[in-house]
Amino acid sequence: MTLQRLAVPGAILAGIIALALAPYGLKNYGISILGLWAVTTIAAIGLNLTLGYAGQVSLAQGAFVGIGAYATAILMAKGVPFGATLLLSGLLCFAIGWLLGYPALRVQHHYLAFVTLAFATLAFLVFRNEQWLTGGIYGISGIRRPVILGWNTAPERAYFHFCLIMLVLVSGFVWWIVRSPWGRAFLALRENPVRAASLGVDTRRYTLMAFAIGAGIGGVAGALYAPLVTYIDPVPFALSFSLNLLLMVIVGGGGYFFGPFVGAMIAVLLPEWLRFAQGLYLVAYAAAVMVLLVFWPSGIMGILDRLLRPADPNQGAAR
Amino acid sequence: MTAVLEVSNLSKHYGGIAAVDGVTFEVFEGEILGIIGPNGSGKSTLFNCILGQASPSAGEVKLDGKPVTGMRPCDLNRHGVGRTFQMLQVFPALSVRENLILAGQEHQGTAVGRLFGRADAGLSATVERMIEFFRLTPVADLRAGGLSFGQQKLLDCAMAFMAGPRLVLLDEPAGGVNPTMLGSLGERLRALNAEHRATFVVIEHNMEFVMSLCTRILVLAEGKIIAEGPPEQVRRDPKVIEAYLGN
């Protein structure tokens with residue numbers, strides 16, 4: 001029993017150590033891809049909270065990453081320290097996410113998807129057209145990597161380690177939320193909002209919180225993304241990025257804590273590993289996603305969950 | 001006697017159809033009131049209007065003398081009103097224990113306090129008492145979705161009582177429950193009424209169950225109250241017999 005209880009924390013610790021050591025065998029390009037995976041995973045974790053746990057469809061997560069990235073780039077250019085820009089980016093996206101949550105109080109499912117899609121498009125247009133603020137299609141270049149408490153994160157490896165620390169912190173924050181009564185309320189909101197309300201769950205407040213927290217985490221991901229690539233323009237924050245994040249959550253397993261980690265690995269790292277397959281990779285990827293969603297809609301973590309707990313289907317869910 | 005719930009001239013129209021038509025009644029503290037009527041007589045619509053899940057077209061609802069018409073269901077719950085639904089409404093992916101914690105957690109402190117507080121919202125002792133009271137101990141750690149229909153009905157009722165409500169509205173609690181489990185359910189409801197002075201309003205089609213459980217019966221037909229009184233009186237009322245059996 002004790003061994004069983006230690007298995008998951010042990011595996012998580014081993015995973016963190018393996019990730020921390022991974023850059024030592026890689027060149028700068030490989031390390032930057034790992035950094036991109038860490039940042040994308042953070043964004044997908046935010047969407048997983050909104051969509052996977054609380055059941056609110058959002059096609060705007062890419063836009064929040066963009067808002068966070070631009071806010072950080074603009075504020076750093078004005079001399080604001082990175083720590084403050086990280087916090088402000090998260091708070092700004094939290095506030096916008098809260099406002100975007102209001103339509104979710106009136107519409108659901110594909111209607112809500114279209115509302116958030118419209119927001120993502122609007123954000124992209126602001127990034128591209130408001131040249132005085134965002135640099136328009138020329139973007140913002142020369143974004144510096146920060147020095148944090150004397151630790152210079154300019155080298156590729158150091159910045160990856162910083163992103164990894166942030167990934168651990170954000171994961172811990174979300175783990176804490178989903179294990180708290182809030183997580184149970186989010187699940188109730190997703191599974192049966194009418195029954196949830198009859199039990200005193202303020203579905204309006206939890207819907208807004210689900211959007212706001214998810215968006216805030218997206219903003220943090222954006223704040224990390226800008227110094228990672230050191231140059232931002234509107235293209236990476238187009239609607240396709242939001243759709244890609246949605247795919248990561250669904251393929252990894254929506255509502256599963258580790259779903260976004262797996263989903264981001266498939267979307268960010270797999271294309272690099274399968275470069276030798278060239279165009280065939282996309283064909284295989286698309287076919288695999290279709291098969292997965294038809295036969296195992298709970299995603300890869302759903303498959304693993306079923307494989308690891310086949311003999312005890314009635315046990316209370318802890319995902 | 002004090003009226004816990006007062007419903008005055010409550011109406012709900014869908015286009016030209018009156019699902020509930022000028023219904024007026026009171027529910028007194030410690031009472032078990034039954035509402036019966038043929039299918040489509042407006043019983044569930046009446047519940048939904050009282051509980052804020054549908055907006056009434058006219059009329060007023062008062063709880064302990066204070067108007068609560070149109071109040072959101074979650075706020076009504078916080079004012080001490082619990083309910084069950086016609087269809088089972090447990091959370092199948094959660095264990096019995098987690099369902100019960102969920103049913104009571106929103107009454108524990110503030111939202112921020114709950115975020116920083118314990119995962120069980122400090123409800124472990126209450127949950128254990130409720131599990132024991134509703135005889136769910138053998139299945140307490142199982143997923144609710146894996147329980148028998150009757151056990152899920154018991155859990156559904158237990159969830160409605162987790163927050164210690166003053167008034168509970170039960171929509172067809174006996175529907176689809178086998179006779180053994182039904183006896184257990186009736187016995188538990190009677191015990192809650194006797195030991196905790198819990199007040200009930202019960203919609204039910206099972207005449208034997210409702211007649212044995214309730215102290216007063218109210219009969220609805222085509223959205224209107226056609227009879228009201230003790231079970232024996234209602235059972236013999238010609239208007240009630242006509243509503244159920246026709247001419």
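Keep in mind that the numbers below use all heavy atoms, side chains included, and drop hydrogens, waters and symmetry copies. Below, chains carry the letters A, B, ... as their sequence lines are ordered, and counting in each starts from 1.
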**Message:** Heavy-atom pairs under 4.5 Å with chain B: which of A:V194, A:I177, A:T203 has the most?
**Reply:** A:V194

**Asked** Between A:W176 and B:F116, is the ring centre distance below 6.0 Å?
**Response** yes

**Message:** Just verifying a value: how many Å separate A:E191 CD and B:L102 CG, rounded to the nearest 0.5 Å?
**Reply:** 11.0 Å

**Message:** Treating A:R195 as the side-chain partner and B:Q89 as the backbone partner, does any N or O pair qualify as donor plus acceptor under 3.5 Å?
**Reply:** yes

**Prompt:** Which region of B:D156, side chain (C-beta onward) or backbone (N, CA, C, O), has a non-hydrogen atom less than 4.5 Å from a non-hydrogen atom of chain A, or is it both or neither?
**Reply:** both

**Message:** Please report the interatomic distance CD(B:E106) to CG(A:L199), rounded to the nearest 0.5 Å.
**Reply:** 9.0 Å

**Message:** For the interface with chain B, which of A:G200, A:A188, A:S180 has the highest count of heavy-atom pairs at distances below 4.5 Å?
**Reply:** A:G200

**Fill in**
chain A shares the most heavy-atom pairs under 4.5 Å, among B:H107, B:R83, B:R72, with B:R72

**Message:** Looking at every non-hydrogen atom in both residues, tell me the closest pair between A:A196 and B:F91 and how far apart they are.
**Reply:** N-CZ, 4.1 Å

**Complete:** Okay, B:A163 and chain A: the region with an atom under 4.5 Å from a heavy atom over there is neither

**Message:** Are there over 12 heavy-atom neighbours, none belonging to B:E128, within less than 6.0 Å of that residue's CD?
**Reply:** yes

**Prompt:** More than 12 foreign heavy atoms under 6.0 Å from CZ of B:F149: is that the case here?
**Reply:** yes

**Asked** What part of B:R78 gets closer than 4.5 Å to chain A, counting heavy atoms only: side chain, backbone, both or neither?
**Response** side chain

**Asked** Does CZ belonging to B:F28 count more than 12 external heavy atoms closer than 6.0 Å?
**Response** yes

**Message:** Please check this pair: side chain of A:R184 against backbone of B:A119, looking for a donor-acceptor N/O pair closer than 3.5 Å.
**Reply:** yes

**Request:** With a 4.5 Å cut-off on heavy-atom pairs, point out which of B:Q105, B:M159, B:R97 contacts chain A the most.
**Result:** B:Q105

